[in-house]
Amino acid sequence: MFRRPLTMMQTKGYVFDYGGTLDTGGCHWGKKIWHAYQRENVPVSWEQFREAYIFAERYLGSHRVIQPEHSFRQLLQIKLQLELQLLRENGYWTTTEDLCEETCGRLLHTLYDEVMVSTAYSREVLTKLASEVPMVLVSNFYGNMPVVLREFGFDGLFQRVIESSVVGIRKPDPRIFQMGVEALGLQSGEVTVVGDSIEKDIMPAHSIGCRTVWLKGEGWNDLPVDESVADCTITDLRELTETC
């Protein structure tokens, strides 16, 4: 694992990603849901699930289904319903509507409980960091980020929340990270960006001169990535207070 010395990683402010970083500890949401499918013995292949997952993500990105008042639990339920509906409609999973609804409920319960644990852990780390330096959140999300942050106790920790659906810019566009830097009132070289995606977080942040910390977890696929672009690689957010 690559790490630069602490003296090279001193920062005056942090920009954090949310999804896959603060709520799953580095695990891509696609893989997290897939593992839940496996535990529930949903009889579909990885390729079939992947198709359903991508469909649900794109559908929610292009349709105003998620409302500003929706909680994360509601958001997750809608995602799961869209996925399972597609799996049934395409004939990948031949089951009754009742069994499908029961399975959706169990998936939702399990995944939400896991997120409660992950966010509690992240909140503990971020609370310590927030007492030392200012922080901003930059996320590709659906317009309900403030509600989700309150839901998991992150409200009050960030100076500003920059949400793609609100500002009209999505990662990996570097401009959304530049907005984060400006919100901190700092120079890019004084800011450290923390995220789980090399492509969507680390590379664009690096391109505007920010320091970067890659939270390395289970990715969407097994394709190799250029880890050297990250100034620091961690597998646990707590390492931010110890090594980066």
Side-chain angles (χ1 to χ4, degrees), residues 3-4 6-26 72 115-167 169-198 200-217 230-244:
R3 292 193 181 98
R4 293 193 179 180
L6 179 62
T7 54
M8 294 181 67
M9 288 300 298
Q10 289 175 345
T11 183
K12 294 184 179 180
Y14 279 100
V15 170
F16 277 92
D17 168 53
Y18 181 76
T21 299
L22 300 184
D23 58 358
T24 68
F72 181 76
V115 170
M116 288 290 289
V117 173
S118 296
T119 52
Y121 184 84
S122 297
R123 186 174 65 245
E124 182 181 343
V125 175
L126 264 61
T127 298
K128 183 179 186 304
L129 290 176
S131 68
E132 301 169 355
V133 293
M135 303 189 304
V136 164
L137 190 76
V138 171
S139 178
N140 284 351
F141 222 70
Y142 305 96
N144 62 328
M145 194 80 258
V147 172
V148 173
L149 293 177
R150 287 195 298 272
E151 187 176 359
F152 296 120
F154 289 115
D155 51 319
L157 292 178
F158 301 103
Q159 285 198 347
R160 186 179 171 193
V161 175
I162 300 171
E163 191 175 359
S164 61
S165 61
V166 175
V167 300
I169 303 173
R170 288 181 61 84
K171 303 175 188 179
D173 191 324
R175 291 178 298 167
I176 196 168
F177 288 102
Q178 186 61 48
M179 293 176 69
V181 170
E182 293 170 359
L184 288 167
L186 299 170
Q187 298 299 311
S188 59
E190 300 172 318
V191 174
T192 297
V193 173
V194 183
D196 70 300
S197 172
I198 288 286
K200 293 182 178 180
D201 299 316
I202 304 306
M203 292 179 67
H206 175 80
S207 74
I208 63 169
C210 293
R211 297 164 177 173
T212 56
V213 176
W214 180 35
L215 178 59
K216 184 178 181 179
D231 292 297
C232 184
T233 299
I234 61 176
T235 58
D236 187 313
L237 278 180
R238 198 176 297 278
E239 293 177 67
L240 288 174
T241 63
E242 299 168 354
T243 60
C244 292

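Remember, predicted model here, so these are calculated numbers, not experimental data.
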Backbone of P204 reached by a side-chain donor or acceptor of S207 within 3.5 Å = yes
For V125, check side chain to side chain contact (heavy atoms under 4.5 Å, CB included) against everything at least two apart and list the hits.
-> Y121, L129, L237, R238, T241
For T24, enumerate each residue passing the side chain to side chain contact (heavy atoms under 4.5 Å, CB included) test, keeping only those at least two apart in sequence or located in another chain.
-> C27, W29, K32
So does E132 pair up with K128, basic N to acidic O under 4.0 Å?
-> yes
With sequence neighbours excluded, what pairs up with Q159 under the side chain to side chain contact (heavy atoms under 4.5 Å, CB included) test?
-> P134, V136, L184
Give a yes or no on whether Q187 atom CD has more than 12 heavy-atom contacts from other residues, nucleotides or ligands under 6.0 Å away.
-> no
Tell me, please, which residues at least two apart from T119 pass side-chain hydrogen bond (donor to acceptor under 3.5 Å, both in side chains).
-> none
Identify, with sequence neighbours excluded, every residue that meets salt bridge (Lys or Arg N to Asp or Glu O under 4.0 Å) alongside R170.
-> none
Can you name the residues that form a side chain to side chain contact (heavy atoms under 4.5 Å, CB included) with T127, not counting sequence neighbours?
-> R123, L157
Passes side-chain contact (heavy atoms from CB on, under 4.5 Å), V138 versus M179? Steps please.
-> CA-CA 9 Å; V138 171; M179 293 176 69; over 6 Å; no
Among residues two or more places apart or on two chains, list those pairs meeting ring pair (Phe, Tyr, Trp, His ring centres under 6.0 Å) that have a residue in residues 176-196.
-> none
Contacts of D196 that satisfy salt bridge (Lys or Arg N to Asp or Glu O under 4.0 Å) - sequence neighbours left out | none
Just jot down the ring pair (Phe, Tyr, Trp, His ring centres under 6.0 Å) partners of F158, sequence neighbours excluded, or say none.
-> none
When you measure from the side chain of E239 to the backbone N and O of T235, does any donor-acceptor pair fall under 3.5 Å?
-> yes
Is the closest basic N to carboxylate O distance between D17 and K200 below 4.0 Å?
-> no
Could you tell me whether the side chain of D23 and the main chain of G20 form a donor-acceptor pair under 3.5 Å?
-> yes
Among all residues two or more places apart in sequence or in another chain, which pass the salt bridge (Lys or Arg N to Asp or Glu O under 4.0 Å) test with E190?
-> K12
Taking only residues two or more places apart in sequence, or in another chain, which ones meet Y18 in a ring pair (Phe, Tyr, Trp, His ring centres under 6.0 Å)?
-> F141
Short side-chain to backbone donor-acceptor contact, T212 and D231, under 3.5 Å | yes
Side-chain donor-acceptor contacts of residues 148-155 below 3.5 Å, not counting sequence neighbours, with atom names and distances?
from: E151; atom 1: OE1; to: F72; atom 2: N; distance (Å): 2.5
from: E151; atom 1: OE2; to: R73; atom 2: N; distance (Å): 3.4
from: E151; atom 1: OE2; to: Y112; atom 2: OH; distance (Å): 2.6

